[in-house]
There are 2 protein chains.
Amino acid sequence: MARNCRFAVAVHIASLLATMEGQPCTSEWIAGSVNTNPVVVRRLLSALAKAGLVHSTRGSTGGSSLARPADRISLLDIHRAVDEEEEPALHNQPPNPACPVGRNIQSVLLRVIERADAARDAVLSTTKLSEVVGALKVEG
Amino acid sequence: MARNCRFAVAVHIASLLATMEGQPCTSEWIAGSVNTNPVVVRRLLSALAKAGLVHSTRGSTGGSSLARPADRISLLDIHRAVDEEEEPALHNQPPNPACPVGRNIQSVLLRVIERADAARDAVLSTTKLSEVVGALKVEG
DNA sequence: GTAACGGTAACAGATACCATTACAGCAAGG
DNA sequence: CCTTGCTGTAATGGTATCTGTTACCGTTAC
């Protein structure tokens with residue numbers, strides 16, 4: 001996985017919304033559970049809203065809640081929403097096209113990395129937010 | 001995958017060594033194909049050597065070559081050699097332990113991420129360096 | 001002994017990420 | 001109407017990481 005904490009915090013946020021069952025949560029309250037700044041939470045909520053996973057309302061009684069049931073939100077949905085799908089990291093400088101290896105290594109690597117990422121995504125897509133919430137409750 | 005280019009360059013390097021069939025290559029020659037600085041190549045070769053994948057000799061006629069056949073080196077071997085297995089990126093600050101979600105989210109997330117990483121690693125481990133070299137030749 | 005190599009430390013520049021402050025826009029309730 | 005409390009977002013600073021580069025040491029062949 002990436003080495004930023006956006007995915008982890010976004011799943012945390014989504015789990016909080018799921019346990020509140022429709023009742024809107026403020027970014028400040030969420031930030032208290034995540035232990036970070038409310039703006040960080042709002043940035044992630046904004047990304048989740050753009051992906052259609054949550055719904056936010058402004059104003060005095062505003063807040064955020066899930067846009068659909070937790071069993072219809074996968075962790076892949078969340079990952080794609082907040083970790084804007086970067087291209088796989090290849091060479092910084094383009095390799096030497098005069099070398100048979102340098103000329104083709106990137107396209108070959110791309111195919112392999114895409115297969116590997118697809119395998120990882122398959123696990124994330126079959127894991128639903130509702131499972132995470134269920135596991136949280138078992139944990140106690 | 002990670003967003004550094006160590007893995008891509010390391011596979012590039014290993015592919016070069018594989019196509020040279022035992023003949024030692026210098027870091028400067030490799031750097032010419034990768035299009036980077038020889039020290040960058042030496043750093044990666046050093047990591048590959050520590051993992052037992054390549055063998056380097058110093059001195060006037062020195063250079064590096066594969067330590068075992070390319071069909072017995074997987075891309076997972078290379079990935080683990082150069083991208084020192086980081087722990088999955090969770091929260092920066094520990095979540096609020098007074099919240100039922102914050103108290104357990106990390107252990108639940110760890111299990112999921114480990115399953116996802118294992119799926120990705122399975123693809124990398126079944127992809128051998130020899131396959132990459134073969135694909136390079138087909139590519140032309 | 002000299003030339004050519006790998007190993008490694010040290011440093012600079014670029015980039016990414018997170019936390020924080022600040023402020024504009026919007027909705028509910030008096 | 002207008003105050004209050006929320007979201008959305010821009011701007012900024014600090015920190016960490018990565019890459020490229022220079023420099024120097026140790027080693028090996030000739």
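Computed from a predicted model, the values in this text were never measured in an experiment. Here is the naming used below: chain letters follow the sequence lines, and residue numbers restart at 1 for every chain.
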Could you check whether A:R43 gets within reach of a base, just the sugar-phosphate, or nothing at all, counting any heavy atom under 4.0 Å?
-> base
Protein-nucleotide distance (B:N35, atom CG; D:dT19, atom P), rounded to Å | 14 Å
Main-chain N/O of A:V82 paired with A:R6 side-chain donor or acceptor, under 3.5 Å | yes
Sugar-phosphate only, base, or nothing, as touched by A:S64 at under 4.0 Å among non-hydrogen atoms | nothing
Residue-phosphate contact under 4.0 Å: B:T26 side-chain N/O, C:dC5 OP1/OP2 | no
Quick one: is A:S60 getting a side-chain N or O under 4.0 Å of the C:dG29 phosphate, OP1 or OP2?
-> no
Under 4.0 Å between a side-chain N/O of B:S27 and OP1 or OP2 of C:dG6, yes or no?
-> yes
Remember a base hit wins even if backbone is also touched, and classify B:R6 as base, sugar-phosphate or nothing at under 4.0 Å, heavy atoms.
-> sugar-phosphate
Whole Å only: how far is the CG atom of A:N37 from the P atom of C:dT21?
-> 7 Å
Indicate whether any N or O donor in one side chain lies under 3.5 Å from an N or O acceptor in the other, for A:S107 and A:N104.
-> no
Residue pair A:R3/A:G63 against DNA chain D: nearer the 5' end by closest nucleotide is A:G63
Check the distance between D:dT7's P and A:E28's CD and give it to me in whole angstrom.
-> 9 Å
B:K50 NZ - C:dG6 P separation (whole Å) = 16 Å
Look at B:E139 together with A:R111 and state whether they make a salt bridge at an N to O cut-off of under 4.0 Å.
-> yes
Within the distance-only criterion (no hydrogens, no angle test), does the side chain of A:T126 pair as donor or acceptor with the backbone N or O of A:A122 below 3.5 angstrom?
-> yes
In whole angstroms, how far is the P atom of D:dT9 from the CG atom of A:L48?
-> 13 Å
A:N4 CG to C:dC18 C1', straight-line distance once rounded to whole Å | 10 Å
Start at the 5' end of DNA chain C and walk down; is the nucleotide closest to B:T57 or to A:T61 reached first?
-> B:T57
With a 4.5 Å heavy-atom cut-off, do A:I105 and B:L16 have their side chains touching?
-> no
Return no unless some side-chain N or O of B:S46 is found under 4.0 Å from OP1 or OP2 of C:dT8.
-> yes
Per the atom types in the model, does the base of D:dT7 pair as donor or acceptor with the side chain of A:R58 at under 3.5 Å?
-> yes
Length of the CG-C1' vector between B:N92 and C:dC17, whole Å | 8 Å
Between A:R42 (CZ) and C:dG25 (P), how many Å, whole number?
-> 16 Å
